[in-house]
There are 2 protein chains.
Amino acid sequence: MQGIREQKKRKTRSAIMEAAVRLFSERGFEKTSIEQLARAAGIGKGTIYSYFQTKTEIFHAFCEDELDFIHSELLTKTNPDSPLIEQLMILYMGEFSLIAENKEFGRLMMQQMVFPVETEHAKTREIDDRWLALVFSLYRRAQERNELRRDIDLLYIAGHFYGLYIMAVSAWYSGRIQTEEVGSGMRLLFQQALDGLAPSVADKAHYESKEL
Amino acid sequence: MQGIREQKKRKTRSAIMEAAVRLFSERGFEKTSIEQLARAAGIGKGTIYSYFQTKTEIFHAFCEDELDFIHSELLTKTNPDSPLIEQLMILYMGEFSLIAENKEFGRLMMQQMVFPVETEHAKTREIDDRWLALVFSLYRRAQERNELRRDIDLLYIAGHFYGLYIMAVSAWYSGRIQTEEVGSGMRLLFQQALDGLAPSVADKAHYESKEL
DNA sequence: GGTAAATCTCGACCGTGGTCGATTTTAGAA
DNA sequence: TTCTAAAATCGACCACGGTCGAGATTTACC
């Protein structure tokens, strides 16, 4: 029997994850101790550390599940023919609702995903890449519909909108805007990105005519 | 003498801050214990907590000093008549150089400043507002030079560029781009923001003519 | 089955951030 | 100066995240 060990490990790992989902949801990440987590999973404290190197790593695995779930769910909710900005709003407001649902969890997740430590690069990169693969098709279609310029790398387009999303979430975490205002603020930023911050030729002519 | 107590408190507070600057710079934030900090400041461990509520709060005060210093220094380095994008690059690359200089410090600072906990709202808001006041004049001048649309709230313009800055820093922390690439990536994002992601009328005509 | 090596499990242990109440210092009235 | 209330100082103490080596379990070979 070479498989007994493998089988047990898989079982233990999922026991830890199940306990994590339950306890993190019940009392939050910080209020859940490793000891409690281990007991809930039916193992000793030290054993946790042969499955995850740090408490944060457990949180990452937890986030990975949550994000992959919500991402794939959200993509089915977008109408591929509606204007890009509407699709973006559905995607990003969907992700935001996950965050708004549990502020503390969301903050930790954003802190870790946006500014990850070196040891988490691989994991965050994986999650990011899966997400990028999903939204790329969305941006490509928008390009085909002439809603987006074709001379920009899709990565930069995705990055641009993601940056604005982060900005909106940051403004919310800073208490600068209320929960209900996040949607309208984000939409405004997205529209700005599409239209450009520099004045059009017509705008310029208009400004100049006024200056005379 | 009503002032003895006040005077002592001020002295102790600055002793803590001086110790913090020294020790954080020497060994980093995480490797410096409160006990060490207290000893270096010539006080007992418990006393620290009548000046700062948490270790993070000390870090915030430290960041505040660093940021205010670099911000005011950077503003003197910008030529108010050069194109907006050049001024933005000087400002944001200056701030980034502070971060790149000490990656761990920078990560904590960004994590805390972009996604602050409720108890730090007041402090982060203060720092942000001081920064905004400085850059607003820069954006206003750009509007007057017809480099920026005049129908957008300056707060949204500042937010837009700040979001893109965060995005560039995030890509760096995720290992997606190298230190030398941050500048060019950021410039590209800024230019995109100015030009707009949607195709111009001319672009559209060009795309459509090709499709025939 | 027997046995030795490899692997996994465990909780006592360490250093840390943060708390608390006993002790010391200061402010101000008598 | 003396006395008392208020405020500041302190380090023992607690709970936690993480380490480590002793002991238990599994594997692979006979």
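Protein chains get the first letters and strands the later ones, always in sequence-line order, with residue 1 at the start of each.
Contacts between residues 10-24 of chain A and DNA chain D, counted as heavy-atom distances below 4.0 Å, involve no residue at all. Less than 4.0 Å separates DNA chain C from at least one heavy atom of each of the following residues of residues 27-36 of chain B: B:Thr32, B:Ser33, B:Ile34. Contacts with DNA chain C (heavy atom under 4.0 Å) in residues 50-58 of chain A: A:Ser50, A:Tyr51, listed by number.
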Less than 3.5 Å apart, which donor and acceptor atoms pair up between the side chains of residues 85-96 of chain A and the rest of the protein, not counting sequence neighbours?
| from | atom 1 | to | atom 2 | distance (Å) |
| --- | --- | --- | --- | --- |
| A:Glu86 | OE1 | A:Arg187 | NH2 | 3.3 |
| A:Glu86 | OE2 | A:Arg187 | NH1 | 3.0 |
| A:Gln87 | NE2 | A:Asn79 | O | 3.4 |
| A:Gln87 | NE2 | A:Pro80 | O | 3.3 |
| A:Gln87 | NE2 | A:Ser82 | O | 2.8 |
| A:Glu95 | OE1 | A:His71 | NE2 | 2.9 |

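A distance of 6.0 Å separates CD in A:Glu6 from CZ in A:Arg10, rounded to the nearest 0.5 Å. Considering CD1 of B:Ile177 and CG of A:Leu155, their distance stands at 9.5 Å, rounded to 0.5 Å. Rounded to the nearest 0.5 angstrom, B:His160 NE2 and A:Leu197 CG are separated by 5.0 Å. Note that CD1 of A:Ile157 and OH of A:Tyr139 are 8.0 Å apart. Values are rounded to the nearest 0.5 Å.
With sequence neighbours left out, A:Asp151 forms a salt bridge (charged side-chain N to carboxylate O under 4.0 Å, His left out) with A:Arg149. Residues forming a salt bridge (charged side-chain N to carboxylate O under 4.0 Å, His left out) with B:Glu104 (at least two apart in sequence, or on another chain): none. Remark: B:Glu118 engages A:Lys103, A:Arg107, B:His121 in a side-chain contact (heavy atoms from CB on, under 4.5 Å) (not counting sequence neighbours). With sequence neighbours left out, A:Ala142 forms a side-chain contact (heavy atoms from CB on, under 4.5 Å) with A:Leu84, A:Arg145, A:Glu147, A:Leu148. Qualifying salt bridge (charged side-chain N to carboxylate O under 4.0 Å, His left out) partners for A:Arg141, counting only residues two or more places apart in sequence or in other chains: none. A search for salt bridge (charged side-chain N to carboxylate O under 4.0 Å, His left out) contacts involving A:Arg125 returns A:Asp129, not counting sequence neighbours.
For the pair B:Ile43 CD1 and D:dC10 P, the interatomic distance rounds to 7 Å; values are reported in whole Å. One atom, CG of A:Leu37, and another, P of D:dC16, lie 12 Å apart when rounded to the nearest Å. Separating the CD atom of B:Glu6 from the P atom of D:dA6 is a distance of 18 Å, rounded to the nearest angstrom.
Helix bend of the helix from C:dG1-D:dC30 to C:dA30-D:dT1: the angle between its two end axes, each built from five pairs, comes to 0° after rounding to 10°.
For an aromatic pair to be called close, the ring centres must be under 6.0 Å apart, and B:Phe161 with B:Phe190 satisfies this.
Contact between the side-chain N/O atoms of A:Lys45 and the OP1/OP2 oxygens of D:dG18 is not found at any separation under 4.0 Å.
The local environment of CD in B:Gln7 is sparse, with at most 12 non-hydrogen atoms from other residues, nucleotides or ligands closer than 6.0 Å. More than 12 heavy atoms of other residues, nucleotides or ligands sit less than 6.0 Å from atom CZ of A:Phe136.
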**Report entry** Audit row: B:Glu144, B:Arg140, salt bridge (Lys or Arg N to Asp or Glu O under 4.0 Å) steps and yes/no
**Finding:** CA-CA 6 Å; B:Glu144 283 160 13; B:Arg140 210 173 285 117; over 6 Å; no
Which atom pairs link the protein and nucleotides 22-25 of chain D when you take only N or O atoms and keep those under 3.5 Å?
| from | atom 1 | to | atom 2 | distance (Å) |
| --- | --- | --- | --- | --- |
| D:dT25 | O2 | A:Arg5 | NH2 | 3.2 |

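Listed candidates were C:dC10, D:dT9, D:dG18. Nearest to the side chain of A:Tyr49 is D:dG18.
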